[in-house]
Asks: 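Please see the structure below; I have some questions.
All values reported here derive from a predicted model rather than from experimental measurement.
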Amino acid sequence: MSQPIASTDRAVRAAARTADRSDPRTIAAGAGVRADAAFRAVMPPLYLSATYAYDEVGVKPPCDYSRTNNPTRAIFAKAVAELEGGAGAVVVSSGMAAVDLVLHLLIADDLVVAPHDCYGGTRRLLNARARRGDIYVEYVDFTDEAAFDAALEKGPKLVLIETPSNPLLRITDLAAAIRKAHAAGALTAVDNTFLSPVLQRPIERGADFVIHSTTKYLNGHSDVVGGAVVAKDAAKVEELAWWANCIGSTASPFDSWLSLRGLRTLPLRLAAQEENARRAAEALDDHPAVAKVYYPGLASHPGHAIAARQQDGFGAILSFELKGGFAASKRFLESLSIFSIAASVGGVESLACHPWSVTHAGIPEEERREAGITEGLIRLSLGVEAARDILADLALGLEAAEAEAAAA
Ligand SMILES: *Cc1c(COP(=O)(O)O)cnc(C)c1O
């Protein structure tokens with residue numbers, strides 16, 4: 001800082017520098033604050049320039065071209081990496097671009113082990129790469145220890161983990177799965193989209209990479225599609241950054257700026273969303289029209305104990321099964337007014353989705369049933385609206401579903 005400041009002020013600042021800055025609220029609110037040397041802007045400016053001037057021929061400026069490096073994107077990347085406890089992050093144009101970026105570290109004939117119930121787009125990408133002969137893919141139920149061990153015996157190069165899973169919120173023991181994968185010689189990547197670093201930090205459990213669809217909780221306002229990969233080691237950050245520049249999948253400055261703005265309130269949003277999810281789960285669990293609730297915060301959930309141990313909260317996504325099948329689901333969804341019927345999760349607005357006909361419609365019917373995805377299954381992503389309004393909306397929907405089931 002070039003401006004002179006009073007000595008008492010300086011003393012306060014020196015003390016603050018030594019204080020613990022690891023609280024996610026402090027990291028998120030302070031990301032890039034006072035980083036602007038030109039005008040001492042408190043909040044970081046948006047640098048849209050595609051290119052940057054050389055002051056001296058042969059001496060590269062800190063940024064030279066925005067595909068490679070952009071000051072706004074760099075601030076967002078640094079904040080995400082700090083929240084996850086990684087060496088650095090690469091910010092890309094979508095969550096799928098983030099998954100694909102990790103796959104770029106593989107070479108021909110490498111094997112990837114992935115959960116059988118991984119994100120649909122991830123499964124489509126892995127299958128497409130395997131069909132072209134780039135890689136091999138093996139899907140396993142990560143909660144089936146014998147099946148997981150058998151897959152590891154085939155010598156995967158990468159183990160992809162998603163916990164909680166979509167839409168049934170199945171929980172994988174991160175430390176145990178990562179330890180086994182490493183023992184088998186594999187790298188490990190955890191898709192942490194459903195919880196965010198506020199509630200789960202896979203690198204602390206040994207993961208090599210953390211993948212995010214920043215579209216969801218990190219941006220949190222459902223107005224940007226974006227992604228990020230965090231790496232535990234600096235050398236891996238460099239490798240990922242090299243590929244992102246090479247293939248041109250880095251995020252735009254404007255998307256990065258919006259995402260940084262959204263990120264600032266992540267811990268506050270999640271606290272409110274999680275409280276709403278807890279109350280919704282309890283209300284649904286008590287309702288006669290509901291056959292089953294899938295929420296790791298409920299003691300009845302099979303992953304409850306592991307989730308309580310490895311997460312700092314149970315998150316704000318839940319699923320539940322209505323007794324009346326498709327007709328009841330349709331009536332329920334169409335009776336809602338606070339919730340929008342839409343795919344995606346993690347925004348400030350509450351969303352309800354019908355996995356059977358939307359996110360998982362492409363999977364053969366038999367496989368959907370085997371995976372526990374039925375016509376009566378509904379997934380909710382809780383927003384930050386007043387709990388009272390959310391609960392009233394759900395009660396009206398359930399009443400309509402119950403009437404439909406009784407008439408059938
Ligand atoms: C949404 C999502 C993705 C894909 O992210 P996009 O930003 O839509 O490309 C990947 N993984 C999970 C768990 C997701 O929810």
Side-chain angles (χ1 to χ4, degrees), residues 1-7 9-14 16-18 21 26-94 97-98 100-102 104-105 208-210 212 214 218-219 224 226-264:
M1 295 286 134
S2 52
Q3 293 288 317
I5 47 172
S7 60
D9 222 346
R10 200 177 289 139
V12 168
R13 287 190 190 203
R17 269 194 295 275
T18 59
R21 298 289 190 85
T26 309
I27 295 171
V33 166
R34 280 186 283 112
D36 171 51
F39 294 101
R40 299 179 60 81
V42 170
M43 300 317 276
L46 165 54
Y47 287 95
L48 290 169
S49 187
T51 191
Y52 295 81
Y54 280 67
D55 196 32
E56 190 184 331
V57 172
V59 182
K60 218 173 148 173
C63 291
D64 62 340
Y65 189 62
S66 272
R67 167 163 36 76
T68 320
N69 207 338
N70 173 276
T72 310
R73 192 169 64 230
I75 292 169
F76 180 55
K78 183 167 180 280
V80 174
E82 277 180 30
L83 289 169
E84 286 287 3
V90 178
V91 171
V92 290
S93 57
S94 70
D100 197 45
L101 190 60
V102 174
H104 273 84
L105 303 184
D208 300 288
F209 303 103
V210 174
H212 274 287
T214 58
L218 297 196
N219 175 58
V224 178
V229 182
V230 183
K232 180 172 62 181
D233 300 327
K236 288 282 191 280
V237 179
E238 286 306 308
E239 214 179 323
L240 291 167
W242 187 91
W243 272 113
N245 177 56
C246 177
I247 62 179
S249 62
T250 45
S252 78
F254 187 62
D255 285 357
S256 304
W257 181 78
L258 274 176
S259 302
L260 175 63
R261 193 178 199 269
L263 185 75
R264 299 197 184 286

Asks: Can you list every pair that meets side-chain hydrogen bond (donor to acceptor under 3.5 Å, both in side chains) and has a residue in residues 230-239, with sequence neighbours left out?
Replies: none
Asks: Take Phe209 and Leu240 through the test side chain to side chain contact (heavy atoms under 4.5 Å, CB included) and record every step on the way to the result.
Replies: CA-CA 10 Å; Phe209 303 103; Leu240 291 167; 3.9 Å; yes
Asks: By the definition side chain to side chain contact (heavy atoms under 4.5 Å, CB included), identify the one residue from Val210, Val237, Leu101 that meets it with Val229.
Replies: Leu101
Asks: Indicate whether the side chain of Asn245 and that of Thr68 have a donor and an acceptor atom separated by less than 3.5 Å.
Replies: yes
Asks: Minimum heavy-atom separation for Ala31 and Ala79, please, with both atom names.
Replies: CB-CB, 3.6 Å
Asks: Provide the closest heavy-atom pair for Pro253 versus Tyr47 in the form atom of the first, atom of the second, distance.
Replies: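 Between these two residues, the closest heavy atoms are CB-O, 3.3 Å.
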Asks: Output the distance between atom OG1 (Thr250) and atom CH2 (Trp243), rounded to the nearest 0.5 Å.
Replies: 14.5 Å
Asks: How long is the gap from CE on Met43 to CD1 on Ile75, to the nearest 0.5 Å?
Replies: 9.5 Å
Asks: Pick out which of Leu258, Ile27, Thr214, Leu83 makes a side chain to side chain contact (heavy atoms under 4.5 Å, CB included) with Leu263.
Replies: Leu83
Asks: Spell out, as yes or no, whether a donor-acceptor pair under 3.5 Å connects the side chain of Arg34 to the backbone of Val42.
Replies: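 Flag not set: sc Arg34 to bb Val42 has no pair under 3.5 Å.
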Asks: Could you list the residues that satisfy side-chain hydrogen bond (donor to acceptor under 3.5 Å, both in side chains) with Ser66, not counting sequence neighbours?
Replies: Asn70
Asks: Measuring from atom CG of Asn219 to atom CG of Asp255, what distance do you get when rounded to the nearest 0.5 angstrom?
Replies: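 That separation rounds to 8.5 Å.
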Asks: Which heavy atom in Arg73 sits nearest to a heavy atom in Arg67, and how many Å separate them?
Replies: NH2-O, 3.2 Å
Asks: What are the two closest non-hydrogen atoms of Val230 and Ala81, and how far apart are they?
Replies: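 Heavy atoms of Val230 and Ala81 come nearest at CG1-CA, 4.0 Å.
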Asks: Could you tell me if the side chain of Ser249 sits less than 4.5 Å from the side chain of Asp100, heavy atoms only?
Replies: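 Of all side-chain heavy-atom pairs linking Ser249 with Asp100, none is under 4.5 Å.
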Asks: State whether the number of non-hydrogen atoms from other residues, nucleotides or ligands found under 6.0 Å of Arg261 atom CZ is greater than 12.
Replies: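 Not buried by this count: 12 neighbours or fewer within 6.0 Å.
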Asks: OH/Tyr52 to CG/Asn69 distance, rounded to the nearest 0.5 angstrom?
Replies: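 Interatomic distance, Tyr52 OH to Asn69 CG, rounded to 0.5 Å: 8.5 Å.
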Asks: What do you reckon, is CZ of Phe39 surrounded by more than 12 foreign heavy atoms closer than 6.0 Å?
Replies: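 Incorrect, the count does not exceed 12.
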Asks: Which heavy atom in Val91 sits nearest to a heavy atom in Ser256, and how many Å separate them?
Replies: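 Scanning both residues completely, I find the closest heavy atoms to be CG1-OG, 4.3 Å.
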Asks: Nearest 0.5 Å please: distance from the CG atom of Leu48 over to the CZ atom of Phe254.
Replies: 8.0 Å
Asks: State, to 0.1 Å, how close Ala41 and Asp36 come at their nearest heavy-atom pair, and which atoms those are.
Replies: N-OD2, 3.1 Å
